[in-house]
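Worksheet: one structure, shown below.
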Protein chains: 2
Amino acid sequence: MKMPTIRLREYLNQASVTEKSIIDYILLNPESVSRMTIHKLAELTYSSASSIIRLCKKNGYDGFKEFSKALVYELAARKAHQVKPVDEITRSDSTQEIIDKVTQKNILSLEDTKNLLDAEEVKRCVDLLHRSEILCLFGIGSSLLVAKDAQLKFLRINKKTYVSDDWHTQLLTATNMSPNDLGIIISYSGQTHEMIECAKAIREAGAESISITRFGNNPVKSLCKHHLYVAANESLFRSGAMSSRISLLNVIDILYTGYNNRQYDKSLELLAKTHIRKEPTLD
Amino acid sequence: MKMPTIRLREYLNQASVTEKSIIDYILLNPESVSRMTIHKLAELTYSSASSIIRLCKKNGYDGFKEFSKALVYELAARKAHQVKPVDEITRSDSTQEIIDKVTQKNILSLEDTKNLLDAEEVKRCVDLLHRSEILCLFGIGSSLLVAKDAQLKFLRINKKTYVSDDWHTQLLTATNMSPNDLGIIISYSGQTHEMIECAKAIREAGAESISITRFGNNPVKSLCKHHLYVAANESLFRSGAMSSRISLLNVIDILYTGYNNRQYDKSLELLAKTHIRKEPTLD
DNA sequence: TCAACTTTAGAAATAAAATTCCATATATAG
DNA sequence: CTATATATGGAATTTTATTTCTAAAGTTGA
């Protein structure tokens, strides 16, 4: 089935005056039109049934009946696709509601993050990953877990990757980076003092840098050469960084997949190798 | 709008012979019926237009016209809700395609996980969390990162939580658990030797246990008293555990949120406290 | 400028579809 | 076995959609 409102919108520029007014009415009131008879619509648009039928046929429908059903179909499909805003958790929520809301929230966060990512910038970041000799990851708190996750991934395909649990060590690593190295700083807020220091150190060292932070301006972002964003997310039950780390992982997945895609065969081979021994570290 | 096929199915048990055959036909051929005239349908079901109209009215529709549109609507909604399988990454994918596919894959994994979770079991797990004195988390590889993520969360609301980087330490922790303690073993495969050992140790110690593994039978699951599942996920670009850890985090979010909801006010207070000092560890 | 032609639009006629009404058949209870 | 309720389909009616026809408006070209 064809999407009536889209078709009509397309048709607008070649539409006659009467047709324009009919289309305008339909686009403004698709819901009610979908329940209307052709004569009622003719009356409301100060036109005639014949004109409406002609319009329907010109747009590829059999007649008004078919058009009307297509409209119902489109409206239903749109409604079903609509992402409903996630309600905040309330005191009285059942377990099932909590499951649904938390999951929906995380899904929404992934979708938003997808829309925030600039494919060109991602591409440049993958290039950098490729060209760099050593990948150094920086993070603290739950972002450190994301950094470590990235490390697990990249080590599997034999990319030299450093992370450290301890911030002092992270800072030392940053200070000693070479211009051929790439630093990725993961910090949801982009305001963490420790990460700002790391960013400065990388800059001093003249190495390449990518920040992964929430959308908007923040110190870490400003200090890095490249920027990737995750959705700014309001808390569910004021619980602080919840979905953000899932979005961060998603960004890591994307970088990792992009990287692998650059060296398709080589990566396949390396992954096969690390697969064979019953993947103890992959759990 | 009401879902016609659901209504009709419900109505089946009070339907007369003629009505039954009409309903059967509609349920078997909803697509074509949605495009049919009432007389055609009457002919095909060896009944009459009047019978069909009566049936529509009995089921809460104005008449056949309304019923027909409701059917179109339902079919569209069903189709739109159908989750389309995510295509595997191919050599020729653009960066934008990689972004979309990876994200879609992760979203799908979250949705599947939601459907695998049994609300009753989740509720029991939240109860356990509540009753338990100490929460011990177990994991290795990327599941260890999930365990640590859980620890970060629960520590914020002052729940005593242990995790260790080192498996030997994990095993010792398990061995020394008391019956008032709760162990959560995180293992996507449920087959990791180290986690099986931990599960056995917890069982020996007589403590409560929850497994979080992929769906299906596996050793870790069998050794634990309670089970939560995440979606079994096929790899995108054969990259091993990709979305699974995101689903695991989702399960953690759900447990954590459920826990907080049990002590709504207390948690709010505790979260506020850890929020004040510019959340250095939450990044 | 004005005839020839094309495009556009609506009224009326027609066709199609939905709905109502009614007669009849069938089952059910007394 | 009759009275009553219920179910069903055919015909009549109404509603709705579609076609046809005519007229008006606009466009083109000599």
Side-chain angles (χ1 to χ4, degrees), chain A residues 1-2 4 7-8 10-27 29-75, chain B residues 1-2 4 7-8 10-27 29-75:
Chain A
M1 277 230 212
K2 322 105 188 179
R7 296 213 157 206
L8 290 182
E10 300 260 316
Y11 180 80
L12 258 184
N13 51 23
Q14 52 175 308
S16 70
V17 186
T18 317
E19 287 176 337
K20 261 199 179 62
S21 75
I22 296 172
I23 293 176
D24 283 346
Y25 188 90
I26 296 174
L27 293 181
N29 315 282
E31 286 276 353
S32 55
V33 170
S34 75
R35 271 177 263 106
M36 238 173 244
T37 72
I38 192 171
H39 293 284
K40 186 77 194 164
L41 180 58
E43 184 194 326
L44 288 169
T45 58
Y46 308 102
S47 66
S48 63
S50 343
S51 297
I52 294 171
I53 289 229
R54 269 191 298 266
L55 181 64
C56 294
K57 291 197 171 169
K58 280 190 191 170
N59 281 279
Y61 299 95
D62 238 33
F64 181 74
K65 264 172 75 87
E66 208 211 336
F67 172 83
S68 180
K69 288 204 172 168
L71 192 58
V72 170
Y73 193 94
E74 179 184 354
L75 292 172
Chain B
M1 279 237 207
K2 322 105 190 181
R7 296 211 158 205
L8 290 181
E10 296 274 313
Y11 181 81
L12 258 183
N13 51 23
Q14 52 175 308
S16 70
V17 186
T18 317
E19 288 176 336
K20 261 199 179 65
S21 73
I22 297 172
I23 293 176
D24 284 345
Y25 188 90
I26 296 174
L27 293 181
N29 315 282
E31 286 274 354
S32 53
V33 170
S34 75
R35 273 178 260 106
M36 235 172 245
T37 71
I38 192 172
H39 294 284
K40 186 77 193 161
L41 179 60
E43 185 193 326
L44 288 169
T45 58
Y46 309 103
S47 66
S48 63
S50 342
S51 296
I52 294 171
I53 290 230
R54 268 190 298 267
L55 180 64
C56 294
K57 292 196 171 170
K58 280 191 193 171
N59 281 278
Y61 299 95
D62 240 32
F64 182 73
K65 263 174 76 88
E66 208 210 335
F67 172 82
S68 180
K69 290 205 170 168
L71 192 57
V72 171
Y73 192 93
E74 179 184 353
L75 292 171

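Note: hydrogens, waters and symmetry copies are ignored here, and every other heavy atom, side chains too, is used. These numbers come from a predicted model, not from an experiment.
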With a 4.5 Å heavy-atom cut-off, do B:Leu44 and B:Met36 have their side chains touching?
yes
By salt bridge (charged side-chain N to carboxylate O under 4.0 Å, His left out), B:Lys58 pairs with (sequence neighbours left out) B:Glu19
With the side chain defined as heavy atoms from C-beta on, A:Ile53 is closest, among D:dA7, C:dA18, D:dT18, to D:dT18
Taking only residues two or more places apart in sequence or in another chain, which ones pass side chain to side chain donor-acceptor pair (under 3.5 Å) with A:Ser51?
A:Ser48, A:Arg54
B:Ser51 side chain, from C-beta outward: closest of D:dG9, D:dT18, C:dA9
D:dG9
Could you note down all residue pairs passing salt bridge (Lys or Arg N to Asp or Glu O under 4.0 Å) where residues 36-53 of chain B supplies at least one of them, sequence neighbours left out?
B:Lys40-B:Glu43
Under 3.5 Å, which N/O atoms of the protein pair with N/O atoms of nucleotides 10-15 of chain D?
residue: D:dG10; atom: O6; partner: B:Ser50; partner atom: OG; Å: 2.4

Restricting to ring-ring contact (aromatic ring centres under 6.0 Å, His included), what partner residues turn up for A:Phe64, sequence neighbours left out?
none
Not counting sequence neighbours, which residues clear side chain to side chain donor-acceptor pair (under 3.5 Å) with A:Thr18? List them please.
none
Just call it for A:Phe67: base, sugar-phosphate, or nothing, with non-hydrogen atoms closer than 4.0 Å on any strand.
nothing
Whole-Å gap separating P (C:dT20) and NZ (B:Lys65):
13 Å
Measure from the side chain of A:Ser16, starting at C-beta and using heavy atoms only, and say which of D:dG9, C:dT8, D:dT18 lies closest.
C:dT8
